[in-house]
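Note that these values count all heavy atoms, side chains included, but never hydrogens, waters or copies made by symmetry.
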Amino acid sequence: MDSLVNIAVFGVVGAVMMAALVGLLLVVRRRGTGPLPSALLGAACVALLLAVPALAAAGLWGARPGAGIGQAFLVASAAVVVVYAAGVALLPLVARQAAAARGQAAPRLAGLGLRLVAGAALGGLAVCALLGAAGTGIAAALT
């Protein structure tokens with residue numbers, strides 16, 4: 001039960017934080033304040049994608065000291081999958097903003113040409129597994 005709680009808590013909190021960072025990034029890009037704030041927000045997104053699995057793995061080890069590295073990796077990877085799903089859900093909003101920045105009319109959702117194909121989904125899961133492994137390694141090094 002501790003594993004599911006860690007996935008839910010860290011995944012949902014990470015997804016909310018990712019949505020907030022994407023929203024801030026869209027506002028910064030709309031105002032055209034320069035590349036530095038965009039780069040800082042991008043770095044914050046990367047830090048979030050490393051912190052969520054590390055905290056989920058550390059939370060699991062804090063609740064169940066006997067849990068192995070495999071279980072911590074699965075919890076960390078699943079927490080990142082929740083954050084990844086939130087990012088994919090925000091993709092149409094980002095595409096509309098990019099089209100508006102180019103001076104094009106805001107496309108409809110059906111006209112965006114954004115479909116989740118098997119290759120992209122498997123690639124996203126592979127990235128989530130890599131982030132889960134990195135987060136588990138960070139948590140193991142810090143605990």
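Rounded to the nearest 0.5 angstrom, Leu26 CG and Leu90 CG are separated by 8.5 Å. Of the inter-residue distances, the one linking Leu21 atom CG with Leu40 atom CG reads 11.5 Å to the nearest 0.5 angstrom. Rounded to the nearest 0.5 angstrom, Leu41 CG and Leu48 CG are separated by 12.0 Å.
Considering all non-hydrogen atoms of both residues, Trp61 and Ala72 come closest at CZ2-CB, 3.4 Å. Nearest approach of Ala86 to Ala15, heavy atoms of both residues: CB-CB, 3.6 Å. The shortest non-hydrogen separation linking Thr136 to Ala76 is OG1-CB, 3.6 Å. Across all non-hydrogen atoms, the minimal contact from Ala120 to Tyr84 is O-OH, 3.6 Å. Between Leu50 and Ala134, the shortest heavy-atom contact is CD2-CB, 3.9 Å. Shown here for Ala56 and Asn6, the closest heavy-atom pair between the two residues is O-ND2, 3.8 Å.
A single hydrophobic cluster is seen to contain both Val13 and Val22, as judged by linkage of ILVMFWY side chains at heavy-atom distances under 4.5 Å, directly or through other members. Residues Val52 and Leu125 fall into different hydrophobic clusters, defined by Ile, Leu, Val, Met, Phe, Trp and Tyr side chains chained together at heavy-atom separations under 4.5 Å. Connection of Phe73 to Val80 is not established within any shared hydrophobic cluster, with ILVMFWY side chains joined at heavy-atom distances below 4.5 Å, either directly or through further cluster members. Note: the hydrophobic cluster containing Leu25 also contains Val83 (ILVMFWY, side chain heavy atoms under 4.5 Å, direct or indirect links).
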**OP:** Check the pair Met18, Leu49 against side chain to side chain contact (heavy atoms under 4.5 Å, CB included), reporting the backbone distance first and the verdict last.
**Re:** CA-CA 9 Å; Met18 182 62 74; Leu49 287 172; 3.8 Å; yes
